[in-house]
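Since the structure comes first, as structure tokens, the remarks are kept for the end.
Residues take their numbers from the sequence shown, with the count starting at 1. Both backbone and side-chain heavy atoms feed into the values below; hydrogens, waters and symmetry mates do not. Just so you know, these numbers come straight off a predicted model, no measurement behind them.
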Amino acid sequence: MTRPARWNRYWDGKSRNYDREMRFLDRKLFGDSRAWACGRAEGEVLEVAVGTGLNLPLYPEDVTLTGIDLSDGMLAIARDRAERLGHPATLRRADAHDLPFDAGSFDTVVCTLGLCAIPDDGKALREMTRVLRPSGRLILLDHIASSSRAVRGLQWLTEKVTVPMAGEHFLRRPSEKVDALGLTVESRERFKLGLVERLVARK
């Protein structure tokens with residue numbers, strides 16, 4: 001089995017416990033970051049790595065939402081959640097490395113806690129930028145390399161397990177790649193020993 005296939009199988013299985021684990025992490029680590037990210041979305045919105053749809057109830061009612069993910073297990077739960085909420089959303093299987101949308105299709109692209117597990121985060125960010133309209137906003141939330149050297153050491157050790165098993169990285173800094181794309185960063189903040197970063201950039 002190839003690494004990508006093994007990772008997809010892992011996340012399909014993970015979908016059963018994902019919501020419980022993420023709600024714990026939201027309380028302890030990420031705080032109000034999901035609401036922070038979704039509340040800034042407007043217009044035609046694409047959520048990359050929509051997962052089980054935990055963000056669905058947090059979007060403004062007037063947005064038109066499309067969500068993509070590579071895990072069928074995650075998407076099945078997201079579709080059930082959207083139906084229960086009565087929140088219209090187009091949810092489809094797609095690869096963040098090759099988004100199936102024309103250039104300039106969306107006013108906002110959101111990715112919360114997804115870039116850590118996308119194999120080539122730089123390519124995914126280029127794709128997110130491509131599908132943004134001029135003046136569109138890119139909104140990111142993720143766990144990143146800590147500003148603490150000791151914590152980074154622990155993250156390095158953790159990656160020895162999580163990258164082979166699930167493709168999940170802990171030492172990435174997506175904001176550095178956003179800078180290289182020529183986007184205008186409107187806001188950027190880090191907290192929890194620099195472990196969490198929230199960013200808004202405009203095309």
Side-chain angles (χ1 to χ4, degrees), residues 1-26 29-30 33-35 37-38 41 44-59 63-103 105-132 138-144 158-159 161-170 172 174:
M1 184 180 293
T2 64
R3 264 194 169 192
R6 185 167 70 248
W7 293 339
N8 286 349
R9 186 174 179 178
Y10 171 88
W11 288 108
D12 282 344
K14 184 80 168 177
S15 64
R16 294 188 292 271
N17 300 313
Y18 183 80
D19 285 7
R20 182 173 67 251
E21 292 180 14
M22 288 310 306
R23 286 186 175 118
F24 173 80
L25 289 172
D26 284 341
L29 187 62
F30 303 118
S33 294
R34 289 182 184 274
C38 296
E44 297 275 347
V45 178
L46 172 66
E47 182 174 343
V48 175
V50 69
T52 61
L54 283 173
N55 290 339
L56 291 177
L58 303 174
Y59 283 104
V63 306
T64 302
L65 180 64
T66 299
I68 67 107
D69 205 284
L70 206 54
S71 166
D72 291 323
M74 294 280 191
L75 284 169
I77 296 171
R79 291 186 181 109
D80 286 345
R81 175 169 274 121
E83 186 174 351
R84 290 197 312 272
L85 290 170
H87 196 302
T90 300
L91 301 171
R92 58 185 290 187
R93 190 178 193 275
D95 188 341
H97 298 138
D98 186 19
L99 295 173
F101 308 107
D102 292 335
S105 294
F106 297 96
D107 300 297
T108 310
V109 175
V110 176
C111 187
T112 63
L113 308 172
L115 281 170
C116 54
I118 294 173
D120 188 337
D121 58 333
K123 187 173 184 180
L125 284 166
R126 290 192 295 273
E127 277 291 278
M128 294 180 206
T129 302
R130 179 184 67 81
V131 301
L132 270 177
L138 175 66
I139 301 172
L140 302 177
L141 159 69
D142 226 314
H143 58 77
I144 63 169
T158 301
E159 282 195 345
V161 176
T162 61
V163 173
M165 179 178 66
E168 185 168 11
H169 296 258
F170 287 85
R172 287 179 167 174

**Study point:** Validation row: I139, T108 side chains within 4.5 angstrom (heavy atoms)
**Key:** yes

Exercise for review: Using side chain to side chain donor-acceptor pair (under 3.5 Å) as the criterion, list what pairs up with E44, not counting sequence neighbours.
Suggested key: none

Review point. How close do L70 and A94 get, heavy atom to heavy atom, and via which atoms?
Key: CD1-O, 3.6 Å

Check your understanding: Which residues pass the side chain to side chain contact (heavy atoms under 4.5 Å, CB included) test with T162, sequence neighbours left out?
Key -> T158, E159, E168, F170

Practice item. May I ask you to decide if L125's main-chain N or O and T129's side chain share a donor-acceptor pair within less than 3.5 Å? Key: yes

Study note, to complete from the structure: In short, L115 meets P174 closest at the heavy-atom pair CD1-CB, 3.9 Å

Check your understanding: Can you tell me if N8 uses its side chain to pair, donor with acceptor, with the backbone of S71 under 3.5 Å?
Key -> no

Check your understanding: Can you name the ring pair (Phe, Tyr, Trp, His ring centres under 6.0 Å) partners of H169, sequence neighbours left out?
Key -> none

Practice item. Search all heavy atoms of S15 against all heavy atoms of I77 and return the closest pair with its distance. Key: O-CD1, 3.3 Å

Practice item. Mind checking side chain to side chain donor-acceptor pair (under 3.5 Å) for H97 and listing every partner two or more places apart, or none if nothing turns up? Key: D95

Check your understanding: Is the side chain of R34 donor-acceptor paired with the backbone N or O of T112 at a distance under 3.5 Å, no angle test?
Key -> no

Exercise for review: Could you tell me which non-hydrogen atom of V63 sits nearest to which non-hydrogen atom of A41, and how far apart they are?
Suggested key: CG1-O, 3.8 Å

Point to revise | side chain to side chain donor-acceptor pair (under 3.5 Å) partners for R93, two or more places apart | key: D72

Check your understanding: Which is it for R172 and C116 under the side chain to side chain contact (heavy atoms under 4.5 Å, CB included) test, yes or no, and what are the steps along the way?
Key -> CA-CA 7 Å; R172 287 179 167 174; C116 54; 5.6 Å; no

Review point. Residues in side chain to side chain donor-acceptor pair (under 3.5 Å) with D142, at least two apart?
Key: none

Review point. Please walk me through it: do F101 and T66 pass side chain to side chain contact (heavy atoms under 4.5 Å, CB included)?
Key: CA-CA 11 Å; F101 308 107; T66 299; 3.9 Å; yes

Practice item. For the residue pair W7 and M165, establish whether any side-chain heavy-atom pair is separated by less than 4.5 Å. Key: no

Indicate every side-chain donor-acceptor pair of residues 46-54 with a distance under 3.5 Å to a residue at least two apart or in another chain.
from, atom 1, to, atom 2, distance (Å)
E47, OE1, Y59, OH, 2.7
E47, OE2, N55, ND2, 2.9
T52, OG1, D19, OD1, 2.5

Review point. Who passes side chain to side chain contact (heavy atoms under 4.5 Å, CB included) against N17, sequence neighbours left out?
Key: R20, E21

Exercise for review: Begin from the C-alpha positions of V109 and V131 and carry the test side chain to side chain contact (heavy atoms under 4.5 Å, CB included) through to its verdict.
Suggested key: CA-CA 8 Å; V109 175; V131 301; 4.0 Å; yes

Check your understanding: Has the side chain of W11 got a donor or acceptor atom that lies under 3.5 Å from a matching backbone atom of M74?
Key -> no

Point to revise | Distance, nearest 0.5 Å, that separates CG of D80 from CG of L91 | key: 10.5 Å

Exercise for review: List for me each residue that meets side chain to side chain contact (heavy atoms under 4.5 Å, CB included) alongside P88, sequence neighbours excluded, and say none if there are none.
Suggested key: none

**Study point:** Side chain R130, main chain L99, donor-acceptor under 3.5 Å
**Key:** yes

Check your understanding: Applying side-chain hydrogen bond (donor to acceptor under 3.5 Å, both in side chains), which residue pairs with at least one partner in residues 116-126 are found, sequence neighbours left out?
Key -> D121-K177

**Study point:** Heavy-atom closest pair, residues G114 and C111
**Key:** CA-SG, 3.9 Å

Exercise for review: Apply side chain to side chain contact (heavy atoms under 4.5 Å, CB included) to L85 and list each qualifying residue two or more places apart in sequence or on a separate chain.
Suggested key: L56, P57, R81, H87

**Study point:** Side chains of P119 and R3 in contact at under 4.5 Å (non-hydrogen atoms)
**Key:** no

Point to revise | Test log, rule side chain to side chain contact (heavy atoms under 4.5 Å, CB included), inputs F106 and V45 | key: CA-CA 6 Å; F106 297 96; V45 178; 5.8 Å; no

